[in-house]
Structures are given as structure tokens and as C-alpha cells.
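Just below is one structure, and these are the notes that go with it.
Naming convention: chains lettered A, B, ... in sequence-line order (proteins, then strands); numbering from 1 in each chain.
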Amino acid sequence: MTALLKVQGLTRLFGGLVAVNKVDFEVPEGSILGIIGPNGAGKSTLFNLIGGTIPPSEGKIFFAGRDITGWRPYRVAREGIARTFQTTALFEELPVYVNLVIGRRMRTRSGLGDVLSRTPRMRRERDETTAKVMEVLEFTGLGRYAGEPAGSIPQEAQKRLAIGVALMGEPRLLLLDEPTGGVGMGETDEIIDLIGRVRERGITVCVIEHKMRMMMSLADRMVVLNFGVKIAEGEPRKVCEDPAVIEAYLGECIA
Amino acid sequence: MSFFLNQVVIGIQLGSQYVMVALGLTLIFGILDISHFAHGHLYMVGAYLLYIVMVLWDVNYWLALLICMVALALAGILVERAVYRPLRGQPQINTFIAAIGLILMLETLVRGIQPKALSVPKPIDRTLEFAGVSMEVQRLIVIIGAILFIVALQLFIKRTRLGTAIEAVAQDREGASLVGINVNRISALTFAVATALAAAAAVLMAPLAFISPEMGGVLILKAFVIVVIGGLGSIKGAIFGGYILGLLEALAIAYVSSAYKDVFAFAVLIAILAVRPTGLFKGRD
Amino acid sequence: MGKSGRYVKASALLILLGIAAALPWLLGKYQVRILTLAMAWTIATLSLNLILGYTGQASLAHGAFLGIGAYAFGIMVQRVGLNFWISLPLACVVTALLGLLVGLPSLRTKGPYFAIVTLCFNVIILKVFENWNWLSGGIQGQVVPRPAFLTQRWARYYFVLAFLLLTLVAMRLIVKSLLGVTLMSIRSNEDLAEAVGINSFRNKLLAFVISCFVVGLAGALLALENGQLDFTITNYLYSFYLLIYLLIGGVATLSGPVVGTIGLYFLLDYMKNIGIKGVEEFRYFLFGLILLLVIIFFPMGITGGVKRAWEWARGRFRKGEAGEVAG
């Protein structure tokens, strides 16, 4: 398997603080990588660096062999990296189906001219988008919420919607920042199941999570961060037995 | 040379006025995240109040200064309670729009009552000569008065319990409410202090220029420029930025063009924000 | 709302159109003139609605662009001697190009910063028009001659009405399209929009330039109706007035700007001519007060209005989706 995402010596400073310190890792195509670490370990910053929200102070990011270091978020997204945010980000006042339509926008080209003269391209893209919306509604099980404002549906459904919006653009890599954060136990399983089905579609996934148990069953490989530094990497079982990880997690890992 | 020095004096005097208005704006902006765009119009109200108190009621200038400051402090509290507090938690642009509503009300009200520009007599109508620089006493009063007020504000913020609470909120609102600072009270207090400062600036400046209903509009835009340059919530930044802008403007009026005197500041703001869209310094994050 | 609902709506629109067409023959001369001006202002409010209501960027430079459109049109027709039908679109293009120049630096900022930067631009443009007599025509101002077919009052009324309808249709096409949804995504959550591949700066710039094109049209039509211009047409107060028309009428809707602008314009005109001492001077006090009350108590400021609009849209969608969610 070749590496879809490759991160080399990635470093980010905030003022004098090092949030992410010389982190290297690779994500093979089609796999699920789990990223764990205590609060403030730099996990979300890592996603912000890959997603282009903030530029790295040092280091390189390669996606499918291409150097995407320092690209703006929308270019990163168009290249095929989709993401969700830790505090679920949605277009809250817009209905669920419109959220999905927006997720598709980068794959359509209709501009002002098409809109005003209603060109065949606009009609075609509208029909394609509608078909894709239907498919993703089905895939994420959100059909019954289609017309509701995204901000008013249950927390767990919002988490699935965020993944759905990310899938609309047909990404090759999906970055999930705590996809089950703030969700009850029973509902967590539904989201884990959804992530598994995303992988079956051939989409590579990186997941940030606190819940170790969930990661054990889901991830192919894990990266452990602490104070911005990678302290362990490998198969979930092995990582769990690593003394450095046990120390960082105060033994919580013995699941 | 003496012409240049004269312009410098004028610049410092303009700067004094800007600093006093910008200080209030930066406190309110930094502490409460409110773009209090009607601040300049409260300054204008202060100048008209001075006219009423001093010219119509024939009260002594210094007593009038005190009356105006107290009255405007109360007006500031009223504005905070009636306009901004109900809007807390709404998008910032809503408070901005509310401020525009307030601006229209104040300006129309004043113009409706007194459409003509007015002038206020100088308390000490003398001119001093020194090393080729001639200087009206009132200019000196503005410059020294501003320094006194700035020092007083610093002492208030650094030395009193309420003042430190203001600064604590300015630097970290959530942290401040966690340690039990009553944000409502601080909010009202900040408006009182800021508006009293604006009133003081208006009273000091009024004898040097005509007072008119539209004097607050351009002034508040300039104060905003200063706050952006100096950093939101930064007291040092407002002082520094205010004097710099005053000096630059006085020199630009003398050596470039006076027709466009109000435009320089805005061009500077646009240039700064185009390069650094969130301002030059971060007073607070 | 099913099929029958759509027929009701279509017939209501037709009736409204019929009334609009009949009005010049029902109203007095003066009222026709006021209505013509109000319709031109409505086009300006609709332009602000695109950038503020749908894209979420509060431009306070629209007063200046209104004036630029008006002057560009007047200068081309009167001083350059260009053909009327060339001058009108060209005035819009000139306004849009200046909009591009202003938008490039100012759209890098967000929220109140954007409002303040655009307001600064408006003040600068006002000062330029105030001081540069060659451009503004000084105290005499700029005469705007009318073509022969627009010398009649009713002809100008229909002319402006036609452009208002055209603007409404164009706006509807935009906001109901993928482009409109893109703009709303920026208003709703700009960071997320970027994360799903939307170039927010480019789309904001596009919305701003379209908006300037439309407000340029409004300015040209105002110039045409007034026949005379001076530098005060670039006043930033007009930016405020447009904001008020829009907020009171209802942001992010198409009927809101029409109702808000025409309603308030007539109210102001009525107060001006009521002949009671004080009312004329203080009528903008009322304006400010209404704006305050609307934004405080009727939280339809920006978010509230948007929410209401979407609740309405959602209600429609649900009923259209058959009965499965009816319970």
C-alpha cells in the first residue's frame, strides 16, 4: 500500500509555545489511522495544519504525492481532503439537505452566467447534486431530517450530518475530529458503524478520539501525541502496551 | 521652523482629543466586544450640553466640565442598559446596526433642536508666545487636561479594585466571570467611564472649534482607526495611536492638503486592514 | 403548499403586477413621481440584500456606489454625449469595476471591520466628490438629460418598474441557485464553507461586484428621474438608509426589501409634507428609533430574519415531502 497522506517534521508554534513538534507519520490508502492523546496534545492543531486552516511553522505535508503545505483550506478540500470539526460545524440555519448541497458545490462549476441564463450545465449539475444528496441522506440515515434546519436536529444526527457534508465532495481522505464527542454510548456505535462503511467505500480515514476502546476496534494503526510530540505509533494493541503511552494516559489504556 | 513647531502643537492637541475618545472606544470594544459606534455622537452631545450649561445657564467652565462628565456618564450607562445589554450574545453586526440607529436618533434630535453650528467662549482667552511658537491658552488646557485624564484613568485601572476588574475583563472575559467578577456591573461601569472621558474631551475641545451635529461621525471613525492600529482593548495602543494620528494629520493638513484632511486616517485604516485583516496588534484573542 | 398553493401565489403576483401597471392612472402626478423614486431605491435595497442578507457582509459603501452609478450615467449622457442605451449598462459596469477595486482590500476583513472599512471608503468617495468640482460639477451639479421617450412621467414610471422586475427576477434566479446557496454558506459559517472547498473570498467578491452593478443601476435610474445631481448623492447616510429599509423590510427575502423600501419611503415623504412643525426635522429620529426597536425586540436583525425565512421555507419543504413527517 502506498501512503495517501505523508506528514514530515510538521511543527507549529503559537507565540513561544510549541503546539505540534516535528511530527511525522503516513496514512496508507484505504486504512484508518487513529490519533490519540490527552487534551492539549496538539491533535486538533494537527488537523488544522493538514486542512490548511493554519500554516505550519516548519515541515511538509504531501497528499497523493503532491506537496500541499500551506495551501488554503478550499484548495486542500478540492484536492480530496474532507474534514469535520471538534465542535460540530454545520450551516445551522440552513436545512439538512441544503447543507449537503453545499458540500457538493466544489464539484460543480455553474457560475453567474449559468444561473442567469439557466444553461444545460446548470440543470445537469442540479440534477446530479440532487441524486448525490439522496444517496448521502440514505447512507447517513438522515432522510427523516432532510428539511429540518441543521442546528435543530439531535446532537448525534448533527455528527452524522457533518460526515455526510464531508462525503458530498467525494474525498479520498476524511479527517474526523472527535466524531463521537458528546454523544451517548448507544449512539456511538452507530457512528462507528458509519465510519466503517465509509472505509468500505475506499475512503481513507484519520480519526481523533478520546475513547480508547472505540479506537482499538476501528483503527488499523494509531499515532499517540503528547505535548505536541509523537510518542508512539503502530498497531493499536502494541501502542497500548507502550510504557510511554501508559504513562501519558495514567494507565487508562489497559482496556 | 516655528511653522513646523506650531503644527506639532496642533497635532498634539488633535491627538489629545483622539486619545480621550479612542480610550473609551477601546475599553468598550476590548471588554464587551461591542463596536460602540455611537460613542462619537455621545461626544457631540457632551459638547452641546456644555453650550447649554455654560452659555445658557451661565455656569463656570470648570464646573460645567464636571456637570457634563457626570451627565454623560449617566447617559453612557443608559445606552448600555437600553441598547447594548438586550443585544448581548447576538452577532456583533447587530450591535453595530443598533449603534447606527442611535447615531441617527442623536444627530437628528440635535439638528432638529439647533440646526446652526454653535461656539463656546474660551475660559481663558489669551495667547502665549514662546520661542516663536504662539499658543492659545485653550490649546494648552486641552493638552495638559488630556494628560491629566489619561493619568487618572491609568491610576483608576491599576490602583482601584473596580479598575483592575475592568482590566481583567478586557484581557479575559470568561476567566474574569469565573473568578466572580460581575460582568453586568463592569459593563455599566466601563460605559460610564468611557462616556465621561468623551464628554471631558468634548468640553476641552469645544472652545477651539464650532460644535455641530455631525462632529461625532468623522471623529468616531478616526477613533476606530486608532483602536485598530493600537489593538482592541489596549490602553497603551490607544494613547500611542491617538497622538500619532493627531501629529500625522496636523502635518498632512499643513504640507499636503486641507480639503482632504479627514481622508488620511481612513486611507491608513484601509491600508492596514488590507494587509492585516484583524488589525495591527492583537490586544486580546 | 401544493400545486393549488402555487396557483394562488402566481395569481396574487399577477394581481400585484396589474395594480402596479394601473397605478400611474390612479395616483396623482406627485405620487407617481415618489413611487418611481421609491422603486429605484428598492433596486438599491435589493442590491444590499445580496451582499448583506444572503452573503452576510454588511457593506456601508453602497451610498457611494449609488452616487457613482448616478454620476457615471449623467456624465456619459450629458458630457460625453453617449447614446442612452449604451450609457445605462456602462454606468453599471463602471460601478461594478469600482466595486471590484473597493472589494479587493475590504473583503479581506470580517464582521464590523468590513462595515467600518466600507464606511471609510464611502467617506473618502464623498470627500472626493465634494472637493473635486470637475467631477461633481461643483455647486451647479450635473444635469442628466432625458431621452425623448422618457419625458413623460408615466413613461419613466414604467421604465423603472421594468428594471425593478428585472432585478427581482435576476435576484430570484441567483438566490435559488447553487450560487445563492454558496453565498448563504459563507454567511452561515465561513470556515466550514472553506473546508468544503468553497473559495469564500472569490464568492464574496463576486456577490459584492454584482451588488455594486445593481446599485449602480439604481443610481442611474435615480439620476434619470431627478434630472439633476450633486455630490450629496454619494453620502454615507444613504448607506444607513438602505440598511434600514432592508432590515425593517426583512433580510434574505425578496419581498422584504420591496415592502420595506416603498413603505418607509412613502412614510418619510408623508411626514415631510404633513405640515406639522417639527415632524419634518425629526422624522429621521423616528427612523433611528425604528431601527433600534426592530433589532432589539424583533430579533429579526440579521439572524432572526434569516431564521424566519428558513422556517417558512422548511414548512413548505416538509409539506411537499408527502405525509411521512407530518406527525
Assert top hit (heavy-atom pairs under 4.5 Å, partner chain C, pool B/Val218, B/Leu269, B/Val225, B/Leu104) equals B/Leu104
If we define contacts as heavy-atom pairs under 4.5 Å, which of B/Ile100, B/Val83, B/Leu106, B/Ile113 has the most with chain C?
B/Ile100
Passes side-chain hydrogen bond (donor to acceptor under 3.5 Å, both in side chains), C/Thr182 versus C/Asn203? Steps please.
CA-CA 8 Å; C/Thr182 311; C/Asn203 280 287; 5.0 Å; no
Region of [X] in contact with chain C, defined by heavy-atom distances below 4.5 Å:
{"X": "B/Leu87", "value": "side chain"}
{"X": "B/Leu221", "value": "side chain"}
{"X": "B/Ala265", "value": "neither"}

Minimal non-hydrogen separation, [X] against [Y], with atom names:
{"X": "C/Pro257", "Y": "C/Leu246", "result": "CG-CD1, 3.9 Å"}
{"X": "B/Leu219", "Y": "B/Met215", "result": "CB-O, 3.5 Å"}
{"X": "C/Gly103", "Y": "C/Leu205", "result": "C-CD1, 3.7 Å"}

Determine the interplanar angle of the C/Tyr241 and C/Tyr245 rings, folded into 0 to 90°, and report it as parallel if under 30°, tilted if 30 to 60°, perpendicular if over 60°.
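The arrangement is tilted - the two ring planes meet at 30° to 60°.
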Is it the backbone or the side chain of [X] that comes under 4.5 Å from a heavy atom of chain B, or both, or neither?
{"X": "C/Phe121", "answer": "both"}
{"X": "C/Leu293", "answer": "neither"}
{"X": "C/Leu237", "answer": "side chain"}
{"X": "C/Ile244", "answer": "side chain"}
{"X": "C/Leu289", "answer": "both"}

For the CD1 atom of B/Ile220 and the OG atom of B/Ser35, what is their distance to the nearest 0.5 Å?
10.0 Å
Nearest-0.5 Å distance that lies between atom CG in C/Leu135 and atom OG1 in C/Thr234:
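So the CG of C/Leu135 and the OG1 of C/Thr234 are separated by 9.5 Å.
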If you count heavy-atom pairs under 4.5 Å with chain B, which of [options] comes out on top?
{"options": "C/Leu291, C/Leu107, C/Ile116", "value": "C/Ile116"}
{"options": "C/Ile290, C/Leu286, C/Val128", "value": "C/Val128"}
{"options": "C/Phe240, C/Phe114, C/Tyr236", "value": "C/Phe240"}

For chain B, which residues of residues 260-270 of chain C have at least one non-hydrogen atom nearer than 4.5 Å to it?
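Checking residues 260-270 of chain C against chain B gives no residue, so none.
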Quick one: which of B/Phe96, B/Phe29, B/Tyr84, B/Phe224 gives a ring-ring contact (aromatic ring centres under 6.0 Å, His included) with B/His36?
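For B/His36, the ring-ring contact (aromatic ring centres under 6.0 Å, His included) check succeeds only for B/Tyr84.
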Assess whether ring-ring contact (aromatic ring centres under 6.0 Å, His included) is satisfied between C/Tyr238 and C/Trp41, documenting all intermediate values.
CA-CA 10 Å; C/Tyr238 293 134; C/Trp41 279 104; 5.3 Å; yes
Residues forming a side chain to side chain donor-acceptor pair (under 3.5 Å) with B/Ser187, sequence neighbours excluded:
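Scan of B/Ser187 (side chain to side chain donor-acceptor pair (under 3.5 Å), adjacent residues dropped) gives B/Glu80.
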Atom CG of B/Leu56 with >12 non-hydrogen neighbours under 6.0 angstrom
yes
Counting distance only, does the side-chain N/O of B/Arg81 pair as donor-acceptor with the main-chain N or O of B/Ala188 below 3.5 Å?
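Answer holds: no.
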